[in-house]
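The structure under discussion is supplied below as structure tokens; questions concerning it will follow.
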Amino acid sequence: MSLLDQLNSVQKSAASVINGPVMIVAGAGSGKTRVLTYRIAHLLESNIPPYEILALTFTNKAANEMKERISRLVGVQAKNIWAGTFHSIFARILRQESEKIGYQRSFTIYDTEDQQNVIKNIMTSLNISRQQANPRAVQSRISGAKNQMISPQEYDDAAKDFFEQNVAKIYFEYQAKLFKNNAMDFDDLLLKPIELFQKFPNVLEKYQYHFKYLLVDEYQDTNRVQYVLINLLAKQFRNLCVVGDDAQSIYAFRGADIRNILDFERDYPEAKVFRLEQNYRSTKSILTAADAVIKNNRNQISKTLWTENPKGEKITVIEAEDDKDEGMQIAAHIQEYISREKLNLRDFAVLYRTNAQSRSVEDALRRSGIPYTIVGGVEFYKRKEIKDVLAYLRLIVNPMDEESLVRVINYPARGIGETTVEKLLTVATQKRISLFQTLQQARAVDSISERTKSSIAQFSALIAKYIEMKSKMSISELARAVVDELGILRSYKDEGTPEAIGRWENVQELLSAVTEFGAKNENATLEQFLEEVSLVSAVDTMADEKNSVTMMTLHSAKGLEYPVVFIAGVEEGLFPLYQAAPELNELEEERRLCYVGVTRAMKKLFLLYTHVRYRFGDVTYPVVSRFISEIPETLIQKISSRTKLQQASYNGIAQSRSRYERSIRKKNNEVFTPDKEVDYENESQEEIHLRTGALVEHETFGKGKVLQITGKGDSSKAVVNFHGIGPKHLMLKFAKLRILG
């Protein structure tokens, strides 16, 4: 019996073609990896030498699994196949050929930290300050330019503002520095082979004959540089097989270009196209829902998924009161499903659009005693940016907390290095006083420079000020004021990289947690909040993580599958994620991400949204996502947060909080929507004299009219109705309002 007889008819046809271009459009759960593996095995059985086969993947794990599967099918000859990631394969080629373009074969590969160190040194030599250009942001821009094959000169010619002009200057010097150091960054590992092939056609021809058969996995995730490389190698023999699914193209933020797969038939008019539409993973209900959602995209390759699996349960849409209730709903349904279906914890996955959403789910799972594992990230309260802010709050509560002090004494950077800290610790030991007390006496330490003494004095004064203010401010106001004065959020926004934006969101989510704790607990103290956080963060009592609920972002879930899947926060502005009206391309990528999330579920899918969500430190009132409305109602079972399951599990906590927030809205006779960020991100200001009815201007919300003023001094607040936005509650100390009349 032929190997290919183990495949279904379409899979068999796709795997059996040896020569010429082939595109395999593999729908979710349709056996993509199986087809790719059997296709390579078939090439080997057809007497194609293994060294003439090149398989490009996006992870080494995928490449290794492919080799192992092929070995089981055809034996040891699979070991001679070239299979690996784009970066590993072309680094291997460059080791052989780099001398032709001026590099020694022993070139160094710089990682992100190395790149940023080079950029910092260049900025110093060019007298470009950190205020003018953040090194991380510069590195991100240079990488983005390289992925689009934009040279330093082209970037300079297209520079639109002062920042981009500085990036261009650094970009020129950066490339020269790497060349001088005989080094390449990750982007160069793909750019330099193109340079090599274009300058030396004989080298290109050598590798075209070497790799007569090319296979590319996840073709929808390729960027422009990868697209060019693939087509250069395939140009001679055109034996190119690409496998992918346009409906799962979700990495545009990394430079992936969906046009590569959409335009494959334009690039290769003679290509044979096979559509793998039979799904082996999900129930009919789940698959029909996914198909209904994705068909709303205009830019796609037409296909209709189907399955012989049972119809299965309807999709459960849960209407939660708020994000706390959302987490508790998830925990309760996991417990109910385990009891009813006898499933293991590893059979459950909780997916979300942003990492910041994990906090409320983590809290609920821990309170319920449900072990979990976070994929692609660390636990919320263990993330560096969260621990840094918490260290400040702990230090304010307990100035003798030496660990917290050492953690933040030079964060953000204030010129107090490790050597200085060691000197201070020595003095503290000698005098038998706390490290914080030593800071307050640092002027008497002769071995520390006057400039450093000044920085120490400013830091200790900052902590002392908030120790004094702690009893005079609510915990929410205190946390916001500390974060604002430190400039943490502004620094992340200035950095502007995807990583920085994620940290910005996480700090905002921490402020949400503080606000939420204060709203739920009368006379809440900072000590109480920190105690709860420390208990929630304790993981030493958790069960073996091998049998635990999986938590991850939707992007991290690609390629995985679980019997039961929860997707949290299916709300407009969060999923799909956008700030203003979404552009078509952005919306379609978000819809593809929804398709990926839905098709991770094998037997049961839960979609959750809330009436109230604490986001970016504020109370927001989200609207259910359009993606839910795109699913036929016949496939949906709706559950309100007031079901018996919720009431039995939550003891009315969410309802009482909801009543509290409604009473505030009723009292003010308006929608309670506190200022989104600027009330505590901006610099503090001198007290201003406002009157009810005054016209004012806010640098973010524009012009508005003062409706109400409460409090005195630092506690003064105002309700301002902004044109086109509505009422906002502002702390006058931070709002920086300009009086117009």
Side-chain angles (χ1 to χ4, degrees), residues 110-120 122-123 128-147 161-164 166-167 170-171 174 185-187 251-255 352-359 374 376-392 407-408 410-414 479-480 482-513 553-556 573-574 577-580 586 615-618 676-678 680-683 700:
Y110 278 178
D111 63 17
T112 301
E113 186 176 350
D114 297 326
Q115 296 169 47
Q116 289 172 9
N117 288 335
V118 172
I119 288 169
K120 289 173 186 176
I122 292 171
M123 288 173 60
I128 298 174
S129 70
R130 301 285 178 88
Q131 287 70 36
Q132 292 173 304
N134 183 290
R136 285 178 179 268
V138 172
Q139 187 268 332
S140 180
R141 288 293 185 95
I142 291 175
S143 179
K146 288 186 173 186
N147 283 326
D161 52 38
F162 184 63
F163 173 72
E164 291 185 351
N166 277 328
V167 172
I170 298 167
Y171 191 2
Y174 172 79
D185 61 23
F186 288 120
D187 299 312
Y251 296 117
F253 67 95
R254 295 181 186 170
Y352 33 80
R353 180 62 181 84
T354 66
N355 275 310
Q357 291 172 252
S358 72
R359 192 260 309 172
I374 293 182
V378 297
E379 296 165 29
F380 182 84
Y381 291 115
K382 289 192 173 183
R383 292 166 184 152
K384 179 186 182 301
E385 60 273 18
I386 300 303
K387 294 187 72 173
D388 289 337
V389 175
L390 288 175
Y392 272 102
R407 181 181 184 92
V408 299
N410 201 39
Y411 174 79
R414 49 176 63 91
R480 293 180 180 197
V482 170
V483 169
D484 170 71
E485 186 160 348
L486 293 171
I488 294 172
L489 291 173
R490 288 194 299 276
S491 68
Y492 288 145
K493 289 176 72 174
D494 291 343
E495 184 177 321
T497 63
E499 294 80 8
I501 293 170
R503 294 188 181 103
W504 182 87
E505 290 178 344
N506 288 336
V507 173
Q508 293 277 24
E509 183 65 12
L510 176 62
L511 294 175
S512 291
T553 64
L554 285 148
H555 282 97
S556 299
L574 181 56
L577 183 66
Y578 60 85
Q579 293 182 342
E586 294 173 350
R615 195 172 180 218
F616 303 145
D618 294 327
K676 186 172 183 180
E677 61 190 63
V678 184
Y680 59 92
E681 278 194 84
N682 286 324
E683 300 290 343
T700 296

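What you see below is based on every heavy atom in this structure, not just the backbone, and it leaves out hydrogens, waters and symmetry mates.
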**OP:** Find out whether R490 and D484 are in side-chain contact, i.e. whether some heavy atom of one side chain is under 4.5 Å from a heavy atom of the other.
**Re:** yes
**OP:** Answer yes or no: is there a donor N or O on one side and an acceptor on the other, between the side chain of Y174 and the main chain of V167, under 3.5 Å?
**Re:** no
Subject >> Close side-chain approach of I488 and Y411, heavy atoms under 4.5 Å >> reply: yes
Subject >> Closest heavy-atom pair and its distance - Q357, R353 >> reply: OE1-N, 3.0 Å
Original post:
Say you draw a straight line from OG of S140 to CD of E499; how long is it, rounded to the nearest 0.5 Å?
Top reply: 7.0 Å
**OP:** Indicate yes or no: at least one non-hydrogen side-chain atom of N355 is less than 4.5 angstrom from one of R383.
**Re:** yes
Original post:
CD1/I119 to OH/Y171 distance, rounded to the nearest 0.5 angstrom?
Top reply: 11.0 Å
Original post:
Do you know the tightest heavy-atom contact between R414 and N410?
Top reply: N-OD1, 2.8 Å
**OP:** State whether a side-chain donor-acceptor pair under 3.5 Å links N506 with E385.
**Re:** yes
Original post:
Taking atom CD1 of I501 and atom CD of Q508, what is their separation to the nearest 0.5 Å?
Top reply: 12.5 Å
**OP:** Please name all residues satisfying side chain to side chain contact (heavy atoms under 4.5 Å, CB included) with K120, sequence neighbours left out, ordered by chain then number.
**Re:** N117, R130, P135
Subject >> Nearest non-hydrogen partners of A137 and D494, listed with the distance >> reply: CB-O, 4.4 Å
Original post:
What do the steps show when you test K146 against D185 for side chain to side chain contact (heavy atoms under 4.5 Å, CB included), and what is the final call?
Top reply: CA-CA 10 Å; K146 288 186 173 186; D185 61 23; 2.7 Å; yes
Subject >> With sequence neighbours excluded, residues passing salt bridge (Lys or Arg N to Asp or Glu O under 4.0 Å) with D388 >> reply: K384, R407
**OP:** For E505 and T354, work out which heavy atoms get closest and say how close.
**Re:** OE1-CB, 3.7 Å
Original post:
Which of parallel (below 30°), tilted (30 to 60°) and perpendicular (above 60°) describes F253 and H555?
Top reply: perpendicular
Original post:
Are any of the side-chain heavy atoms of L510 and L390 separated by less than 4.5 Å?
Top reply: yes
Subject >> Closest heavy-atom pair and its distance - P412, Y392 >> reply: CD-OH, 3.9 Å
Subject >> Close side-chain approach of L554 to Y352, heavy-atom, < 4.5 Å >> reply: no
Original post:
What are the two closest heavy atoms between A133 and V138, and how far apart are they?
Top reply: CB-CG2, 3.7 Å
Original post:
Is Q115 close to I142 at the side-chain level, that is, under 4.5 Å between some pair of heavy atoms?
Top reply: no
**OP:** With rounding to the nearest 0.5 Å, note down the distance linking CE in M123 to CG in N134.
**Re:** 7.5 Å
**OP:** Nearest 0.5 Å please: distance from the CD atom of E509 over to the CD1 atom of I386.
**Re:** 8.5 Å
**OP:** With sequence neighbours excluded, tell me which residues meet side-chain hydrogen bond (donor to acceptor under 3.5 Å, both in side chains) with D187.
**Re:** S143
Original post:
How far does OH of Y492 sit from CZ of R136, to the nearest 0.5 angstrom?
Top reply: 8.5 Å
